[in-house]
Amino acid sequence: MTARWQLVLTALAISCSPAAAWELPPDNGTMGRETIAAILAGNDYPETSGYRQIIDFIDFTAYGQKFTQTVVTLTPDRPLIRNGKKIVVVGGEPGSEYAMDFVSTVEDKDGAAVWLAKRGITFVGPTRVGRWNFLAPTKDGSWESVPLGQRMPIFERNQTAHWTESDYVVRRVQSAGSGGSSPAQITRVARPGTLLEKQLPAATGNTFIAGYRLALVKAIPDRQNSLVLFWGMSTGGSTLYPLAKYYTPDGYLGWGTSSTGLASAAGRSVAGKFTAVYEPTAARVRERGIDDFNLYTKEIDPQTKAKWWQAAQRNPRFKSTEDPPMQFGASAIAETAMRLWNSDFLPQENRRRGLAAFMQEMFEPTYPPEELKKAPVLDLNGTRDEVLPPATVDANRKVMEPYAKKYRVGRIEGLHHYLFTQDSIKTVVTTWMRYIESGYFD
């Protein structure tokens with residue numbers, strides 16, 4: 001027997017090993033505290049593999065501007081096999097973070113990516129363009145060396161210095177907001193005539209999706225022999241759902257996962273909230289400071305919260321032009337389209353089909369694509385999720401389920417939005433493993 005077949009048979013044995021006696025919740029059901037305790041007390045899916053981590057950079061152009069896509073990949077030495085295929089989880093980054101927070105948590109312990117890799121599952125973390133700090137002295141994309149009030153996206157790796165206030169204007173604005181932002185938002189807007197003024201509107205929903213697609217093509221060379229599951233953590237879902245048109249996964253894992261912009265707008269409209277579609281969020285960068293962080297750490301003691309906040313400084317702690325497609329910001333999407341159309345840098349290839357087609361292109365990332373009919377969706381959430389509580393998950397389902405191959409909602413009692421702790425990571429990822437083992441994504 002060759003070494004290769006020994007590896008495959010070992011992985012098959014791992015994937016078929018018996019698990020502890022606890023059950024997944026029924027569709028739209030809740031996993032209770034007794035089951036959570038059983039998961040934490042047990043070791044259903046022990047570590048089976050070492051792994052190697054690599055970071056790749058991919059240069060591309062969109063709407064006449066240069067961008068660099070970063071992708072972090074953790075590849076296990078002993079892959080876990082399901083029906084003859086390696087399992088790959090693609091983690092779309094949260095709202096104000098970058099891919100490295102999948103690797104290391106605010107506790108400075110293993111993140112979900114490492115947990116998966118140590119159990120034979122490849123993890124691919126594409127960052128949104130602009131979120132990786134190419135100037136970090138540590139060479140790991142960290143923003144810790146940059147003062148919070150001076151952080152702006154770095155869209156391509158050849159940039160030689162951080163932006164300064166000669167490139168942007170700082171503003172405080174009142175906004176309905178979303179995602180836990182404080183009522184008075186600190187935003188930064190590019191000054192006229194700067195390169196930043198060109199790059200920000202060119203970083204459209206389509207640009208984020210183009211970068212993600214390039215990242216997956218690079219990081220998953222053996223797509224045919226891979227079971228690819230998307231996990232859009234927080235705002236990552238708003239990019240990974242429309243990405244299915246260009247790179248269709250075998251299914252969607254869920255934890256704290258946002259939906260398409262259309263579903264987001266539909267959910268707000270149920271409560272009579274229509275103002276968000278008119279918010280002036282085009283081509284601006286929004287700082288996410290301590291007020292935002294406090295929303296997700298209300299039950300954490302002050303000493304621990306201070307330590308976590310310091311660790312969170314590695315993350316970008318800002319949002320930019322993903323807000324309009326994520327929230328169906330119709331006014332902002334239209335404004336971005338008009339700014340690009342009237343610019344002197346938009347390539348002729350983007351103009352060739354006319355303004356109507358160009359406008360439709362701008363709105364496309366807000367809709368669920370037809371390709372979702374090929375992918376089962378699992379929408380798993382904590383009952384105490386701060387931004388995606390059960391009512392929001394149910395509202396998203398009403399919009400998204402008709403477009404999916406199949407759709408299932410699961411809840412876990414008492415868990416919050418972010419997987420900050422080792423217990424929360426173990427609970428959620430063990431539950432994912434059981435869903436995979438159950439055949440939901442086969």
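Position 1 is the first residue of the sequence, and the numbers go up from there.
Proximity of a side-chain donor or acceptor of Glu371 to a complementary backbone N or O of Tyr246 within less than 3.5 Å is not detected. Side chain of Thr194 to backbone of Ala190: no donor-acceptor contact under 3.5 angstrom is found. A side-chain donor-acceptor contact under 3.5 Å links Arg151 to the backbone of Val146. With hydrogens and angles ignored, the 3.5 Å screen pairs a side-chain donor or acceptor of Thr257 with a backbone N or O of Gly232. A donor-acceptor pair under 3.5 Å links the side-chain atoms of Arg397 to the main chain of Tyr407, judged by distance alone. Asp56 contributes no side-chain N or O that, together with a main-chain N or O of Val71, makes up a donor-acceptor pair within less than 3.5 Å. In this structure a side-chain-to-backbone donor-acceptor pair under 3.5 Å is present from Thr68 to Arg157. For the pair Thr204 (side chain) and Thr207 (backbone), a donor-acceptor distance under 3.5 Å is present. Looking only at distances, a side-chain donor or acceptor of Glu322 sits under 3.5 Å from a matching main-chain atom of Ser320. Within the 3.5 Å criterion, the main-chain N or O of Thr127 finds a donor-acceptor partner in the side chain of Gln69.
Heavy-atom neighbours of Tyr168 OH from other residues, nucleotides or ligands within 6.0 Å: above the threshold of 12. Counting non-hydrogen atoms of other residues, nucleotides and ligands closer than 6.0 Å to NZ of Lys305 gives a total above 12. With a 6.0 Å radius and a threshold of 12 heavy atoms from other residues, nucleotides or ligands, Lys373 has its NZ atom above the threshold.
Between Asp108 atom CG and Gln310 atom CD the span is 10.0 Å, to the nearest 0.5 Å. The CG atom of Leu227 sits 7.0 Å away from atom CD1 of Ile436, with the distance rounded to the nearest 0.5 Å. Residue Ile87 holds its CD1 atom at 4.0 Å from CG of Leu80, rounded to the nearest 0.5 Å. Leu116 CG to Leu229 CG: the interatomic distance, rounded to the nearest 0.5 Å, is 10.0 Å. Going from atom CE of Met152 over to atom CD of Gln159 covers 10.0 Å, rounded to the nearest 0.5 Å. Atom NE2 of His417 sits about 3.0 Å away from atom OG of Ser234, to the nearest 0.5 Å.
Side-chain contact check for Tyr45 and Glu437: at least one donor-acceptor pair (N or O, by modelled atom type) lies under 3.5 Å.
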Going through the checks in order, is the salt bridge (Lys or Arg N to Asp or Glu O under 4.0 Å) test met by Asp59 and Lys66?
CA-CA 7 Å; Asp59 298 319; Lys66 295 179 180 179; over 6 Å; no
Between Ser424 and Thr427, does the side chain to side chain donor-acceptor pair (under 3.5 Å) criterion hold? Intermediate values first, please.
CA-CA 5 Å; Ser424 63; Thr427 299; over 6 Å; no
Before giving the answer on salt bridge (Lys or Arg N to Asp or Glu O under 4.0 Å), spell out for Asp140 and Arg314 the whole-Å C-alpha distance, their side-chain angles and the decisive distance to 0.1 Å.
CA-CA 10 Å; Asp140 60 355; Arg314 297 187 297 251; over 6 Å; no
After noting the C-alpha distance and the side-chain angles of Thr260 and Phe328, does the key distance pass the side-chain contact (heavy atoms from CB on, under 4.5 Å) rule?
CA-CA 8 Å; Thr260 57; Phe328 202 86; over 6 Å; no
Going through the distances and angles, do Trp231 and Trp432 end up as a ring pair (Phe, Tyr, Trp, His ring centres under 6.0 Å)?
CA-CA 11 Å; Trp231 169 35; Trp432 282 348; 4.8 Å; yes
Is there a salt bridge (Lys or Arg N to Asp or Glu O under 4.0 Å) between Lys307 and Glu107 once you walk through the steps?
CA-CA 8 Å; Lys307 183 179 179 181; Glu107 290 187 309; over 6 Å; no
Could you please spell out the steps behind the salt bridge (Lys or Arg N to Asp or Glu O under 4.0 Å) verdict for Lys118 and Asp77?
CA-CA 9 Å; Lys118 287 181 176 180; Asp77 302 322; over 6 Å; no
Criterion side-chain contact (heavy atoms from CB on, under 4.5 Å) on Thr421 and Lys426, from CA distance to verdict
CA-CA 9 Å; Thr421 68; Lys426 182 177 180 179; over 6 Å; no
Start with the C-alpha gap between Met31 and Glu413, add the side-chain angles, then the distance that decides, and say whether side-chain contact (heavy atoms from CB on, under 4.5 Å) holds.
CA-CA 6 Å; Met31 177 185 288; Glu413 179 67 31; over 6 Å; no
Working for ring pair (Phe, Tyr, Trp, His ring centres under 6.0 Å), residues Phe102 and Phe123
CA-CA 9 Å; Phe102 288 125; Phe123 186 89; 5.1 Å; yes
Step-by-step side-chain contact (heavy atoms from CB on, under 4.5 Å) determination, Arg384 to Glu299:
CA-CA 11 Å; Arg384 303 189 70 179; Glu299 299 179 7; 2.4 Å; yes
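One finds a salt bridge joining Arg411 and Asp394 here, because a Lys/Arg side-chain nitrogen approaches an Asp/Glu carboxylate oxygen to under 4.0 Å. Ion pairing of Arg434 with Asp44 is present here, as a side-chain N (NZ or NE/NH1/NH2) and a carboxylate O approach within less than 4.0 Å. Remark: Asp379 does not engage Arg408 in a salt bridge, criterion side-chain N to carboxylate O under 4.0 Å. Taking a cutoff of 4.0 Å between a charged side-chain nitrogen and a carboxylate oxygen, Glu97 and Arg131 do not qualify as a salt bridge.
Minimum interatomic distance between Val217 and Tyr247 (heavy atoms only, all atoms of both residues): N-CE1, 4.3 Å. When every heavy atom of Thr48 is checked against every heavy atom of Gly120, the shortest pair comes out as OG1-N, 4.0 Å. In terms of heavy-atom proximity, Ser49 sits nearest to Arg78 at OG-N, 2.9 Å. Summarising the geometry of Thr281 relative to Ala332, their closest heavy-atom pair is OG1-CB, 3.3 Å, with the distance given to 0.1 Å. Of all heavy-atom pairs spanning Thr321 and Ala203, the tightest one is OG1-O, 2.5 Å. Considering every non-hydrogen atom in both Ala375 and Pro249, the closest pair reads CB-O, 3.9 Å.
Ring geometry, Phe318 versus Trp143: the interplanar angle exceeds 60°, so the pair is classed perpendicular (tilted spans 30 to 60°). Between Tyr241 and Tyr252, the ring-plane angle classifies as parallel under the 30° and 60° cut-offs.
Cation-pi geometry between Arg119 and Trp115 is satisfied (NZ or CZ under 6.0 Å from the ring centre, within 45° of the ring normal). Remark: Arg191 fails to qualify as a cation-pi partner of Trp163 under the 6.0 Å distance and 45° angle criteria applied to the six-membered ring. Cation-pi geometry between Lys406 and Tyr440 is satisfied (NZ or CZ under 6.0 Å from the ring centre, within 45° of the ring normal).
Using a 4.5 Å cut-off on side-chain heavy atoms (C-beta onward), Asn315 and Met100 make no contact. In this structure, Asn381 and Val409 have side chains that are not in contact, with every pair of non-hydrogen atoms separated by 4.5 Å or more. A 4.5 Å side-chain heavy-atom check between Ile36 and Leu40 finds at least one atom pair inside the cut-off.
Tested against Glu287, the residues Arg317, Arg188, Arg171 include a single salt bridge (Lys or Arg N to Asp or Glu O under 4.0 Å) partner, Arg188. Of the residues listed (Lys86, Arg223, Lys374), the one engaging Asp250 in a salt bridge (Lys or Arg N to Asp or Glu O under 4.0 Å) is Arg223, and it is the only one.
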